[in-house]
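Note that the coordinates shown come from a computational prediction; the quantities given were computed from them, not determined experimentally.
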Amino acid sequence: MSKKVLVLSASPRKNGDSEILCEQFINGARESGNDIEKIFLGDKIINYCIACYRCRRDGVCVHKDDMASILQKMINADVIVMASPVYFYTMDAQMKTLIDRTVARYTEITNKDFYLIATAADLNKAMLERTFDGFRGFMDCLPGAKEKGIIYGVGAWQRGDIKESKAMKEAYIMGKSV
């Protein structure tokens, strides 16, 4: 059965290592007959949450930017892939800003399967756990969220380093399993 897969790529640079892994995941998921949409957050305008909580009254954020359409896509998806490069052992600002802005309707992001991708220069997978814990904190707030897979893109200091990593094959296989 085909699933709607939404890939959220938070790399600040096109063809960065986390985006390369997103493409591998997408290739596998597409081969399995799924409907794929990738959003490159660097192409979107997503303002910071200002904690005014007007959205809690009517579900509409005061910011008029790209987040409302992204949030609707998150609500409509069956599967959400969240990919981020790791800076100082946490997700990048683009991903964190997106997560914070889901506050308007996060309780509607229900029963989703999540796949997480992180890339870092560090060679030790354990050092990425802080980043994945940040994603898990978000998922803990979402009704019925299920963590289905994690891709550790370690040893990726320079753009393209990830191409020599076993994470390439892991991302493709994980995508096929959606």
Taking atom NZ as the centre, does K146 end up with more than 12 heavy-atom neighbours from other residues, nucleotides or ligands that are less than 6.0 angstrom away?
yes
How about C49 and V103: do any of their side-chain heavy atoms sit closer than 4.5 Å?
yes
T110 side chain near L142 side chain, heavy-atom distance below 4.5 Å
no
For A167 and I151, the nearest pair of non-hydrogen atoms, with its separation, is CB-CG2, 3.9 Å
Partners meeting salt bridge (Lys or Arg N to Asp or Glu O under 4.0 Å) with D65 (sequence neighbours left out)
R101
Please tabulate, for side-chain N and O atoms in residues 5-15, each donor-acceptor pair with protein atoms closer than 3.5 Å (sequence neighbours left out).
{"unit_1": "S11", "atom_1": "OG", "unit_2": "R13", "atom_2": "N", "d": "3.3"}
{"unit_1": "S11", "atom_1": "OG", "unit_2": "R13", "atom_2": "O", "d": "2.9"}
{"unit_1": "K14", "atom_1": "NZ", "unit_2": "D43", "atom_2": "OD2", "d": "2.8"}

With side chain to side chain contact (heavy atoms under 4.5 Å, CB included) as the test, would you mind laying out the steps for V178 and D113 before giving the verdict?
CA-CA 9 Å; V178 164; D113 291 342; over 6 Å; no
Applying side-chain contact (heavy atoms from CB on, under 4.5 Å) to R30 and not counting sequence neighbours gives I26, I36
Report all side-chain donor-acceptor pairs from residues 114-125 shorter than 3.5 Å, counting only partners two or more places apart or in another chain.
{"unit_1": "D122", "atom_1": "OD1", "unit_2": "N124", "atom_2": "N", "d": "2.8"}
{"unit_1": "D122", "atom_1": "OD2", "unit_2": "Y89", "atom_2": "OH", "d": "2.9"}
{"unit_1": "N124", "atom_1": "OD1", "unit_2": "A126", "atom_2": "N", "d": "2.9"}

Which distance, rounded to the nearest 0.5 Å, do you find between the CD1 of I99 and the SG of C141?
10.0 Å
Identify whether the distance between the nearest side-chain nitrogen and carboxylate oxygen of E19 and R159 falls below 4.0 Å.
no
Has the side chain of D161 got a donor or acceptor atom that lies under 3.5 Å from a matching backbone atom of Q158?
yes
Nearest-0.5 Å distance that lies between atom OG in S69 and atom NZ in K44:
6.0 Å
Rounded to the nearest 0.5 Å, how far does OG of S165 lie from NZ of K163?
13.0 Å
Salt bridge (Lys or Arg N to Asp or Glu O under 4.0 Å) against D66, all qualifying residues, sequence neighbours excluded
none
Only counting residues at least two apart or in another chain, list the ones meeting side-chain hydrogen bond (donor to acceptor under 3.5 Å, both in side chains) with E170.
none
Is there a salt bridge (Lys or Arg N to Asp or Glu O under 4.0 Å) between R130 and D133 once you walk through the steps?
CA-CA 5 Å; R130 293 179 201 162; D133 284 344; over 6 Å; no
Mind checking what makes side-chain hydrogen bond (donor to acceptor under 3.5 Å, both in side chains) contact with N34, not counting sequence neighbours?
none
What distance separates D17 CG from C22 SG, expressed to the nearest 0.5 Å?
11.0 Å
Option among M174, K176, K38 that satisfies the side chain to side chain contact (heavy atoms under 4.5 Å, CB included) test with F25
M174
Look up atom CD in Q94 and atom CG in L41, then write down how far apart they are to the nearest 0.5 Å.
7.5 Å
Using salt bridge (Lys or Arg N to Asp or Glu O under 4.0 Å) as the criterion, list what pairs up with K148, not counting sequence neighbours.
none
Nearest 0.5 angstrom please: L98 CG to M91 CE, how far?
10.0 Å
If we count only N and O atoms by modelled type, under 3.5 Å, do the side chains of E23 and Y172 hold a donor and an acceptor together?
no
Under the salt bridge (Lys or Arg N to Asp or Glu O under 4.0 Å) rule, collect the residues that match up with D140, sequence neighbours excluded.
none
By side-chain contact (heavy atoms from CB on, under 4.5 Å) - contacts of T102 (at least two apart)
M67, L71, M74, Y106, I109, F138
Cluster partners of M1, using ILVMFWY side-chain heavy atoms under 4.5 angstrom, listed by chain and number?
none
Using atom types as modelled and distance alone, determine if a side-chain donor or acceptor of H63 lies under 3.5 Å from a backbone N or O of I46.
no
Check the hydrophobic clustering (I, L, V, M, F, W, Y; side-chain heavy atoms under 4.5 Å; chains of links allowed) and say if V154 and F132 are grouped together.
yes
Got a list of side-chain donor-acceptor pairs under 3.5 Å for residues 75-88, not counting sequence neighbours?
{"unit_1": "N76", "atom_1": "OD1", "unit_2": "Q72", "atom_2": "NE2", "d": "3.0"}
{"unit_1": "N76", "atom_1": "ND2", "unit_2": "Q72", "atom_2": "O", "d": "3.4"}
{"unit_1": "D78", "atom_1": "OD2", "unit_2": "K4", "atom_2": "N", "d": "2.8"}
{"unit_1": "S84", "atom_1": "OG", "unit_2": "D92", "atom_2": "N", "d": "2.9"}
{"unit_1": "S84", "atom_1": "OG", "unit_2": "D92", "atom_2": "OD1", "d": "3.3"}

